[in-house]
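Hydrogens, waters and symmetry mates play no part in the numbers below; they use all other heavy atoms, side chains included. One-based numbering, in listed order, for ligands and for the atoms of each. As the structure is a computational prediction, the values presented were derived from the model and not from experiment.
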Amino acid sequence: MVFILKLVGLTRENLVKLALFGSTGMMGKAVLAAARARGHEVTILVRTAKAAGAGVRVVVGDALNPDSIRETIKGADAVIQCLGVGGLGDGKPNDLVPDATRLIVEDMKAQGVRRLVCASNVGVPGSGAFLLRRVLVPLFARKLIPILAAKIKMEAILRASGLDWTAVRLAALNEKPARGKLKISAEGRMTGFTLTTEDAANFMLDIIEKKQFAANAVAISN
Ligand SMILES: NC(=O)c1ccc[n+]([C@@H]2O[C@H](COP(=O)([O-])OP(=O)(O)OC[C@H]3O[C@@H](n4cnc5c(N)ncnc54)[C@H](OP(=O)(O)O)[C@@H]3O)[C@@H](O)[C@H]2O)c1
């Protein structure tokens, strides 16, 4: 077992217990698969009960329910939040992500868990992305406006949290096979338009295992 872990660059020392929110979504599914492949223990919060594979603990509840959040985070070394409103949502204001993030932050502080990685979006202020923010979104993708508004609130909550947070500003996701190469901006500025979910998931796990980009909004794309 140790030999196999070393082959994939892991030792028992950097195996972590993860709490994962949004594990049934496009991004979260890839995080769950990558975390399991790396041998991490994962607790997922799901709204509908489902069977889980080895190494996965399932909590049935809701990300806006403090009891569900507490049970999900219990015993975790790190938390990954990939919550979303179902694709592009309905275009109406929706504070699910910031509201759940606030509860997650409060609970992490109460339980003494410090590491938090959250899915964010390129297109928030500070990510450059002039063409995306000023032209493409207002003209062709207005449903993104409330999603970006929610991420602005989420990133503000992270900045004020005092935790070892990272907001990972994702480019448009696709489920093609991992390319293995990422463009990363530590300043959180857009580096490209698209990104595979597998590459994004590997990045989120890498920065937890290697303790990188704490207190930082970082942007990634292929
Ligand atoms: N997709 C992209 O191209 C893209 C690009 C950049 C950034 N992002 C961001 O990345 C994040 C994840 O995106 P995604 O496309 O993976 O989202 P998604 O497919 O819509 O998945 C959303 C996840 O959140 C869960 N969820 C929603 N409300 C919940 C609640 N009240 N309690 C518990 N779980 C709840 C959903 O669970 P259910 O299965 O129960 O609904 C699902 O697992 C979002 O914040 C999104 O804005 C996405």
Side-chain angles (χ1 to χ4, degrees), residues 19-35 42-50 52 56 58-73 79-104 107 116-124 127 129 132-133 136-137 140-155 157-158 165-176 182-183 185 188 190-201 203-204 217-222:
L20 173 61
F21 294 87
S23 65
T24 54
M26 189 178 179
M27 184 62 246
K29 266 190 298 188
V31 173
L32 179 58
V42 191
T43 299
I44 57 174
L45 173 67
V46 291
R47 290 195 281 189
T48 309
K50 59 177 263 181
V56 182
V58 180
V59 175
V60 181
D62 193 285
L64 295 175
N65 179 327
D67 294 335
S68 308
I69 290 178
R70 187 177 318 116
E71 186 58 27
T72 307
I73 292 176
V79 177
I80 300 183
Q81 186 273 93
C82 295
L83 292 166
V85 294
L88 289 177
D90 58 9
K92 296 189 183 137
N94 189 323
D95 278 346
L96 162 80
V97 171
D99 287 349
T101 303
R102 189 177 295 108
L103 293 173
I104 289 168
D107 190 80
L116 172 60
V117 172
C118 292
S120 187
N121 302 58
V122 291
V124 295
S127 63
L132 180 75
R133 278 194 304 128
L136 298 180
V137 169
F140 305 113
R142 293 191 62 80
K143 280 189 168 180
L144 265 175
I145 293 172
I147 290 176
L148 293 175
K151 294 309 184 329
I152 293 168
K153 291 182 188 172
M154 180 195 83
E155 290 198 3
I157 292 163
L158 295 178
W165 60 274
T166 309
V168 183
R169 294 175 180 169
L170 303 164
L173 295 171
N174 62 68
E175 292 178 301
K176 292 179 186 163
L182 276 184
K183 293 180 197 151
S185 164
M190 182 180 181
T191 56
F193 279 98
T194 61
L195 175 66
T196 74
T197 51
E198 198 177 336
D199 285 314
F203 179 80
M204 290 182 179
V218 53
I220 59 172
S221 71
N222 284 126

Return the [atom1] to [atom2] distance between [X] and [Y], rounded to the nearest 0.5 Å.
| X | Y | atom1 | atom2 | answer |
| --- | --- | --- | --- | --- |
| L170 | F203 | CG | CZ | 9.5 Å |
| I104 | R70 | CD1 | CZ | 13.5 Å |
| L83 | T24 | CG | OG1 | 9.0 Å |
| I69 | T101 | CD1 | OG1 | 8.5 Å |
| N121 | L132 | CG | CG | 9.5 Å |

**Report entry** Validation row: Q81, V97 side chains within 4.5 angstrom (heavy atoms)
**Finding:**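 They are in side-chain contact.
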
Report task. May I ask you to test the N65-L103 pair for a side-chain heavy-atom distance under 4.5 Å? Result ->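 No, too far: nothing below the 4.5 Å cut-off.
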
Quick one: does [X] get an N or O within less than 3.5 Å of an N or O on ligand 1?
| X | answer |
| --- | --- |
| G25 | yes |
| L170 | no |
| A171 | no |
| A63 | yes |
| G84 | yes |
| A172 | no |
| M26 | yes |
| G22 | yes |
| L96 | no |

Give the numbers and elements of all ligand 1 atoms closer than 4.0 Å to a heavy atom of [X].
| X | value |
| --- | --- |
| G87 | 20 (O) |
| D62 | 30 (C), 31 (N), 32 (N) |
| A119 | 10 (O), 11 (C) |
| I147 | 47 (O) |

List the closest protein heavy-atom neighbour of [atom]: residue, atom name, distance to the nearest 0.1 Å.
| atom | value |
| --- | --- |
| atom 7 (C) of ligand 1 | N121 ND2, 3.2 Å |
| atom 40 (O) of ligand 1 | R47 NE, 2.9 Å |
| atom 12 (C) of ligand 1 | C82 O, 3.4 Å |
| atom 36 (C) of ligand 1 | T24 OG1, 3.9 Å |
| atom 1 (N) of ligand 1 | L173 CD1, 3.6 Å |

Query raised in the report: If you measure from each non-hydrogen atom of S120 to ligand 1, which part falls under 4.0 Å: side chain, backbone, both or neither?
Result: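 S120 to ligand 1: backbone contact only, side chain stays beyond 4.0 Å.
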
**Report entry** ligand 1 contact on L83 by region, counting heavy-atom pairs under 4.0 Å
**Finding:**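 Both parts.
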
Query raised in the report: So, does K151 sit close enough to ligand 1 that a heavy atom of it is under 4.0 Å from the ligand?
Result: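 Judged by the 4.0 Å heavy-atom criterion, K151 does count as contacting ligand 1.
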
Query raised in the report: Is the shortest distance from a heavy atom of A150 to ligand 1 less than 4.0 Å?
Result: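 Under 4.0 Å: no for A150.
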
For the pair [X] (side chain) and [Y] (backbone), establish whether a donor and an acceptor sit closer than 3.5 Å, ignoring hydrogens and angles.
| X | Y | result |
| --- | --- | --- |
| S68 | D62 | yes |
| T191 | K183 | yes |
| N174 | K176 | yes |

**Report entry** For M190 against A129, the heavy-atom pair lying closest together
**Finding:**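 Nearest pair, atom of M190 first, then A129: SD-CB, 3.5 Å.
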
Query raised in the report: What are the two closest non-hydrogen atoms of V122 and A219, and how far apart are they?
Result: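 Distance-wise, the nearest heavy atoms are CG1-CB, 4.1 Å.
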
Query raised in the report: Considering M27, E175, K50, which one's heavy-atom position lies nearest to atom 14 (P) of ligand 1?
Result: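 Nearest option to atom 14 (P) of ligand 1, by heavy atoms: M27.
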
Query raised in the report: Which one of S221, S23, C118, G86 has a non-hydrogen atom at the shortest distance from atom 20 (O) of ligand 1?
Result: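 Shortest heavy-atom distance from atom 20 (O) of ligand 1: G86.
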
Query - Partner of R102 under side-chain contact (heavy atoms from CB on, under 4.5 Å), chosen from D95, I157, L64 - result: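 Running side-chain contact (heavy atoms from CB on, under 4.5 Å) over D95, I157, L64 with R102 returns exactly one hit, I157.
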
Report task. Determine, stepwise, if the pair R169 / E155 fulfils side-chain contact (heavy atoms from CB on, under 4.5 Å). Result -> CA-CA 10 Å; R169 294 175 180 169; E155 290 198 3; 2.7 Å; yes

